[in-house]
Amino acid sequence: MKRIFLKTVIGIVVLCILFSLLACVSGAASAQTAIPKSIINTFGKDPTTGRCFTWNTSTAVKKSVVEYCIKDEFKGFDKSNISRATARSYEVKNDLDKRMIHKAELKNLKSGTEYVYRIGDTGGYCEKGTFKTAESDLKSFTFINITDTQGVTVGDYAKWKNILDKALEKFPSTRFLVHTGDIVDNGDKTNQWDNFASAAKSELMNLPIAPVVGNHDVLNKNRTNSNAKNFTDRFNLPAEQNTGAPAGTFYSFDYGNTHIAVMNTECGSKNFKSQGDWLRKDMAKSDKPWKIVALHRGPYGATYNTTDIRKAWVPVFDELGIDLVLQGHDHNYVRSYPLKKGAVVKPGKGTIYMVGNSGGVKFYPQKSRSWQEVGLQLKTQMYLAVTVSDTEMVINAYDSKNALKDSVTIKK
Ligand SMILES: [Fe+2]
């Protein structure tokens with residue numbers, strides 16, 4: 001009897017250790033508290049005068065606030081020159097917990113100005129962060145593109161932090177990150193979103209993201225239909241309407257001399273035509289000379305031959321003279337020739353389509369396609385640095401050791 005008891009106790013102890021090890025490896029997130037977590041900052045419609053934030057807390061926090069001030073005038077968050085933006089807050093129940101999602105928008109900011117901020121309320125605040133609004137007369141800037149950071153464990157997301165840090169080391173003045181989707185492996189698993197945000201917590205406090213929705217980001221419980229809420233709960237993005245694609249999953253913004261439109265390839269194909277029409281109207285409203293589209297399932301990748309998107313949107317990109325399409329999904333490095341109507345054209349006369357391999361742990365074999373000028377599978381994370389000036393756009397591709405692997409210049 002004594003022996004059976006002892007065996008049972010040992011069994012329970014072993015199981016407990018196994019469970020905690022498993023929790024540690026898969027990164028079971030720590031419980032929500034009053035202190036804001038998973039703080040993500042994004043652009044609103046106008047990066048020169050606004051900034052948007054999303055964060056989580058425990059359900060006890062009904063009111064949460066962004067406190068901010070021009071950096072040069074900052075003397076403390078208890079001073080009278082602090083501005084406050086109260087969040088729109090709502091409770092969600094997910095696979096992990098119940099939590100509050102908070103979204104706030106800062107408006108009427110001064111262009112080209114550095115601000116300090118913190119988020120929270122009397123229950124506690126996050127650490128101080130900084131952001132800079134875009135200058136209205138900006139002539140040249142760099143942004144980075146990382147894609148498919150999708151992972152399961154904490155270790156997987158350490159790869160994403162590493163490649164982001166490499167990019168920030170090489171380009172400390174980068175203005176923002178375009179993430180071309182599959183941010184997480186399973187959008188219905190809350191701990192993956194938490195791991196993504198906590199891996200690069202300090203970087204994301206000071207770096208805005210322009211996220212693209214990927215197929216993995218919007219998986220629902222049974223991994224079938226798209227559940228856009230798994231994406232829209234994480235990012236406070238302009239709510240464009242009337243295409244049939246969910247609001248907050250496609251949007252655009254001007255930055256310096258560039259107009260960037262983000263499209264949604266993942267919430268059914270019925271909205272492709274209306275999203276194409278939206279892009280026409282959207283680009284027509286902008287007078288910026290450079291035009292970039294970011295999307296997840298690209299028309300010209302390598303692994304996949306994505307004919308539905310190619311048919312629906314390439315004629316629109318051709319018509320609008322899109323300079324660069326940043327893609328994801330294919331998990332290898334691709335740079336297309338300049339293309340128009342599916343044919344190779346002279347530099348500057350068509351659109352270049354690129355996939356920046358993967359910022360996570362998944363790599364697919366390189367498939368050769370007729371449209372590829374460069375295809376690489378280095379089996380290591382990569383990022384693209386896009387530097388835009390009035391006369392040229394330089395796109396450099398780096399690996400996780402910050403070695404330059406490819407470069408292309410588009411002249412205007
Ligand atoms: Fe994907």
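The chain is numbered in sequence order, starting from 1. Just follow the structure's listing: the first ligand is 1, and inside any ligand the first atom is 1.
Minimum-distance N/O/S atom of D182 relative to the Fe ion (ligand 1): OD2. Closest N/O/S atom of H329 to the Fe ion (ligand 1): ND1.
One finds an angle of 80° at the Fe ion (ligand 1) between OD1 on N215 and NE2 on H296, to the nearest 10 degrees.
Within 6.0 Å of NZ on K189 lie no more than 12 heavy atoms contributed by other residues, nucleotides or ligands.
Residues Q372 and N332 fail the side-chain proximity criterion, which asks for heavy atoms closer than 4.5 Å.
Among the atoms of D148, no N, O or S atom is found under 2.8 Å from the Fe ion (ligand 1). Put simply, H216 stays out of reach of the Fe ion (ligand 1), with no N, O or S atom under 2.8 Å from it.
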Practice task
Might you work through the side-chain hydrogen bond (donor to acceptor under 3.5 Å, both in side chains) test for N236 and T42, ending with a clear yes or no?
Solution key: CA-CA 7 Å; N236 189 2; T42 46; 5.6 Å; no
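Ring orientation note: the planes of F250 and W278 are nearly perpendicular, at an angle over 60° on the 30°/60° scale.
Q381 and N357 are not linked by any side-chain donor-acceptor pair at a separation below 3.5 angstrom, with hydrogens and angles left out of the test.
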